[in-house]
Amino acid sequence: MRTFGRWIARAIFALVLIALVLFSPVGYNEFACRGTSATDDYVPLITEPEWQRAESRTLLTYPEWHIVHAYDDYARVIRENDPHDFGYLRAIAGFWSALCPLSERAAAMGGITGDTKLSTYTIGVSFTAEMAMKALYEETLGRFVTMVRGTDRAPLDDLSATQAAEYAAFLQQIPWYLYDFLEDESELSAAVTDTPRDRERQLALGMEYRSKSAYAKVIESAVAGIGADKLRLRSIVAGISPQQLAGIDGVDVIEERAEGTLIETDRYRAFTRLLERLAETDADLVEIAGNDEILFTAISPDPTVPDALYSFRRQGYDDNRHLILVPVSELLDRIRSFDGLTLEHVHDY
């Protein structure tokens, strides 16, 4: 009984230690990244509650996209290298390091809503746990099997790299929990050979895909219960006629106003592509979802750029990502005047 009791105590201690490690970044962000509150005297033009969104969400959508980018970085790395070559801890550190300056700046934009904060911390802890577990496996047994394999890649090395790239592309526009992980598992089983590396990949990735599939069903049910974010948003655009706007794919003209034309569009990556189209015209943005500031990310070879809230190097790419906050009215001009920068994503609300 004493031995059993000691093992129970050790297990409890281990669980507490793991919880402290996983949640310590949350505590740090709560107490060290508060920022200074400020009064926003901007009077929104889009006043309908269903089309207004909290302005600070433009900043707090980035952490979720950091995860999307991390999967893309991972796919890029394993396209020619092995999973243990990816910096899992670096990806984790990037999530929490970026969140701190974003949280500080959000304080001057009305603060972070409770729902947004809970969602951000939840995905952050989940991402941390997933990356840590992958690092633990790939840096030990996974690395050992690649040493046995040698320099020649096994068929499932290439197939899993293709699957990783497809998953990263899927996440650009569609929530992760709608991805068909079991289809990927079936592809692995159909393509596996008798080599040790293929058998190991089938076992390790098969377990990962089944776990993600089960977790995805839980998240999908939870989202169905509380309601998913709207997939559309409204903006006011000036400098271009309603007829020209109506002729652009993905734009629904709602009405003409004194300030400009009210339009409705898709969100996420589709919205970024639309803004690139508008930047090729004489259009000017007046407002987006009742807000006058917006975050975008851009890529450049330079480690820093002026006015960036945060910058860091991407894995698998020879360049850097920059998080930049600008007035909505200056966004299109900023895109037009890029010098050495490439627009990556405009973070709507």
Side-chain angles (χ1 to χ4, degrees), residues 40-62 64-65 102 105-106 108-110 113 116 172-174 228-299 305-309 322-339 341-349:
D40 187 356
D41 57 1
Y42 178 72
V43 179
L45 301 172
I46 298 174
T47 57
E48 299 86 351
E50 66 270 29
W51 295 109
Q52 276 190 330
R53 301 183 69 83
E55 189 169 54
S56 63
R57 285 197 53 162
T58 187
L59 302 175
L60 272 297
T61 57
Y62 174 76
E64 185 171 0
W65 276 92
L102 294 174
R105 186 63 183 82
M109 300 171 71
T113 64
T116 299
Q172 300 293 317
Q173 189 66 30
I174 305 173
D229 274 346
K230 285 182 176 292
L231 299 179
R232 306 275 287 177
L233 82 165
R234 289 186 174 182
S235 310
I236 297 178
V237 182
I240 183 174
S241 71
Q243 293 75 24
Q244 287 176 284
L245 285 167
I248 299 176
D249 288 341
V251 174
D252 290 338
V253 173
I254 305 302
E255 65 180 16
E256 293 185 59
R257 296 186 174 187
E259 303 86 3
T261 304
L262 180 67
I263 64 172
E264 186 178 316
T265 63
D266 287 336
R267 297 179 59 205
Y268 306 127
R269 186 64 86 196
F271 187 58
T272 297
R273 300 287 85 88
L274 169 64
L275 294 177
E276 289 177 323
R277 288 281 308 277
L278 290 178
E280 295 172 355
T281 71
D282 294 327
D284 290 309
L285 286 166
V286 178
E287 181 183 284
I288 301 173
N291 299 303
D292 66 337
E293 288 187 286
I294 194 163
L295 178 78
F296 70 86
T297 54
I299 305 301
V305 297
D307 303 325
L309 294 175
H322 311 283
L323 282 61
I324 304 169
L325 183 69
V326 296
V328 166
S329 60
E330 297 178 12
L331 177 59
L332 294 183
D333 280 341
R334 189 68 178 263
I335 295 173
R336 294 181 186 112
S337 63
F338 275 165
D339 182 13
L341 286 173
T342 300
L343 180 65
E344 180 184 44
H345 186 71
V346 176
H347 289 258
D348 63 62
Y349 313 87

Nearest 0.5 Å, what's the [atom1]-[atom2] distance between [X] and [Y]?
X: D266; Y: L274; atom1: CG; atom2: CG; answer: 9.0 Å
X: Y42; Y: D292; atom1: OH; atom2: CG; answer: 5.5 Å
X: D249; Y: R273; atom1: CG; atom2: CZ; answer: 14.5 Å
X: L59; Y: R105; atom1: CG; atom2: CZ; answer: 7.0 Å
X: R336; Y: E330; atom1: CZ; atom2: CD; answer: 12.0 Å
X: Q244; Y: L278; atom1: CD; atom2: CG; answer: 10.5 Å

* So, are R257 and E255 salt-bridged, with charged N and O less than 4.0 Å apart? -> yes
* **R232 bridged to D252 by N-O distance under 4.0 Å** => yes
Hey, does the side chain of [X] reach the backbone of [Y] with a donor-acceptor pair shorter than 3.5 angstrom?
X: E48; Y: W51; result: no
X: R234; Y: E264; result: no
X: D40; Y: A108; result: no
X: E287; Y: I46; result: yes
X: T265; Y: F271; result: no
X: E55; Y: G110; result: no

* Go through the steps to decide whether H347 and T58 satisfy the test side chain to side chain donor-acceptor pair (under 3.5 Å), and finish with yes or no. => CA-CA 5 Å; H347 289 258; T58 187; over 6 Å; no
* Asked: Around D333, counting heavy atoms of other residues, nucleotides and ligands shown, do more than 12 lie under 6.0 Å from its CG?
  -> yes
* Enclosure of E293 CD (heavy-atom neighbours >12, cutoff 6.0 Å) -> yes
